[in-house]
Engineer: 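This is the structure I want to talk about, given as structure tokens.
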Amino acid sequence: MQNTPILPPSMLGILGGGQLGRMFTVAAKTMGYRVTVLDPDPNAPAAEFADRHLCAAFDDEAALNELAECAAVTTEFENVNADAMRFLARHTNVSPSGDCVAIAQNRIQEKAWIRKAGLQTAPYQAVCKLEDISDKSTEYLPGILKTATLGYDGKGQIRVKTLGELKAAFAAHGGVDCVLEKMVDLRGEISVIVCRLNSGSVQTFDPAENIHENGILAYSIVPARLPQDIQQQARQMAQRLADELDYVGVLAVEMFVVGDTNELVVNEIAPRPHNSGHHTIDACAASQFQQQVRIMCNLPPADTRLLSACCMANILGDVWQEDGGEPDWLPLQNDGASFLHLYGKKAARKGRKMGHFVTLAHDADSAFAKSADLHGKL
Ligand code: ATP
Ligand code: MG
């Protein structure tokens with residue numbers, strides 16, 4: 001649409017009102033903008049801070065028409081209907097583009113783009129029908145059969161060792177499009193968040209080192225405990241991918257660190273701020289959410305500098321008591337270098353992301369140690 005800066009108090013719109021939408025809304029409100037959130041959940045975490053909550057389905061025509069009145073629209077999740085985004089783009093500024101969101105929704109397309117940017121993925125093959133499974137598939141075993149769409153937090157994944165297991169896994173996924181990915185010699189996982197307005201205006205945050213528990217992100221440690229040259233390479237790779245997609249907005253690029261040589265392999269991308277970038281609120285010059293606001297408003301991304309080593313710890317519903325009683329917040333709240341963020345979700349279910357906290361420290365090792373200790377006291 002237009003390339004002129006969008007200034008406060010313009011109304012900004014967001015598809016999705018979960019925790020990412022909530023932190024976006026807080027950032028936008030602080031910067032003087034107004035916010036309209038579209039989310040079918042009457043208790044959507046972002047609604048508490050938004051000026052307007054359109055409580056409707058994501059493809060609700062009336063709601064989309066109202067959202068189209070906003071000066072600019074963005075999204076907090078990739079499983080939004082790309083067609084809804086393309087519809088909005090005919091009326092207002094939309095970032096990221098529906099095309100980029102559609103790519104991130106589908107692992108087969110996503111991997112093709114990663115390769116097109118000249119970057120490595122784990123060896124893989126698309127499995128869309130039973131006949132795609134042949135003797136050649138053994139090249140990718142042992143591997144993981146992942147559904148091409150709608151996977152998150154390790155859901156939609158089955159580990160397979162033999163052709164028989166592969167066929168059974170394909171059937172268990174219901175015969176939907178899948179990718180078979182060879183297991184790589186994983187030494188660690190990192191992610192890089194890119195903030196891109198155009199080819200001349202792009203910034204990357206320091207890579208975060210990600211530690212998962214039960215397939216869910218548990219801790220992000222920054223700076224990542226990897227050699228400087230590998231970190232630099234990770235930033236360049238993420239930027240190259242954003243350039244290849246001509247991406248506008250905040251893009252998270254997840255990478256595997258493979259083998260003795262720390263080879264970087266791109267796992268997947270998320271066309272939005274990312275859980276592994278939550279520390280940017282407390283530990284960086286500008287947060288990933290401020291960057292999202294800035295870019296959708298045609299403003300160049302701000303300084304991404306890391307101001308302190310830190311560790312972000314996710315708080316899952318698991319730490320609530322059986323009867324719904326709150327965790328013991330006191331040790332965390334008493335620590336002057338830790339910052340609690342709660343998402344205002346009503347029901348604490350196992351595995352549900354309820355909040356996070358960021359602990360600042362002198363170096364990454366001590367931030368992680370202290371964070372794990374405080375988490376254990378919840
Ligand atoms: P999330 O929502 O956390 O990003 P997801 O459902 O999108 O999860 P992936 O990121 O594809 O799933 O994989 C989940 C985890 O499984 C990875 O973070 C990694 O630990 C492991 N994993 C995935 N693919 C491979 C692989 N090819 N080799 C080794 N480990 C893998
Ligand atoms: Mg992932």
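Given the structure is predicted, the values throughout are model-derived calculations rather than measurements.
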Engineer: In terms of the angle between their ring planes, are Y343 and H356 parallel, tilted or perpendicular, with boundaries placed at 30° and 60°?
Structural biologist: tilted
Engineer: For N65 and E61, indicate whether the former's side chain and the latter's backbone hold a donor-acceptor pair under 3.5 Å.
Structural biologist: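 Such a contact is found between N65 side chain and E61 backbone.
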Engineer: We want to know whether S220 and N210 form a side-chain donor-acceptor pair, criterion being a heavy-atom distance below 3.5 angstrom.
Structural biologist: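 Short answer, yes.
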Engineer: Can you find a heavy atom in the side chain of R22 that is under 4.5 Å from one in the side chain of V37?
Structural biologist: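 With C-beta onward as the side chain, the pair stays apart.
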Engineer: Checking one residue: V319. Which other hydrophobic residues are in its cluster under the side-chain 4.5 Å linking rule?
Structural biologist: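 For the cluster that includes V319, the remaining residues are I315, W320, W329, L332, L340, L342, M354, F357, L374, L378.
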Engineer: So, does T36 use its side chain to make a donor-acceptor pair with the main chain of L67 at under 3.5 Å?
Structural biologist: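 No.
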Engineer: Look at K370 together with D373 and state whether they make a salt bridge at an N to O cut-off of under 4.0 Å.
Structural biologist: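 Salt bridge absent between K370 and D373.
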Engineer: Pick from S95, C195, P271: which one makes a side chain to side chain contact (heavy atoms under 4.5 Å, CB included) with Y247?
Structural biologist: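 Option passing the side chain to side chain contact (heavy atoms under 4.5 Å, CB included) with Y247: P271.
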Engineer: Would you confirm whether Q290, through its side chain, and A286, through its main-chain N or O, come within 3.5 Å as a donor-acceptor pair?
Structural biologist: no
Engineer: Linking Ile, Leu, Val, Met, Phe, Trp and Tyr through side-chain heavy atoms less than 4.5 Å apart, which residues share a cluster with L186?
Structural biologist: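 Noted: L186 shares its cluster with V184, F256, V258, V265.
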Engineer: What do you reckon, is CZ of R187 surrounded by more than 12 foreign heavy atoms closer than 6.0 Å?
Structural biologist: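 Yes, enclosed.
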Engineer: Got a list of side-chain donor-acceptor pairs under 3.5 Å for residues 120-128, not counting sequence neighbours?
Structural biologist:
from: Q120; atom 1: NE2; to: E263; atom 2: OE2; distance (Å): 3.4
from: T121; atom 1: OG1; to: R115; atom 2: NE; distance (Å): 3.0
from: T121; atom 1: OG1; to: R115; atom 2: NH2; distance (Å): 2.8
from: Q125; atom 1: OE1; to: S137; atom 2: OG; distance (Å): 2.7
from: Q125; atom 1: NE2; to: D132; atom 2: O; distance (Å): 3.0

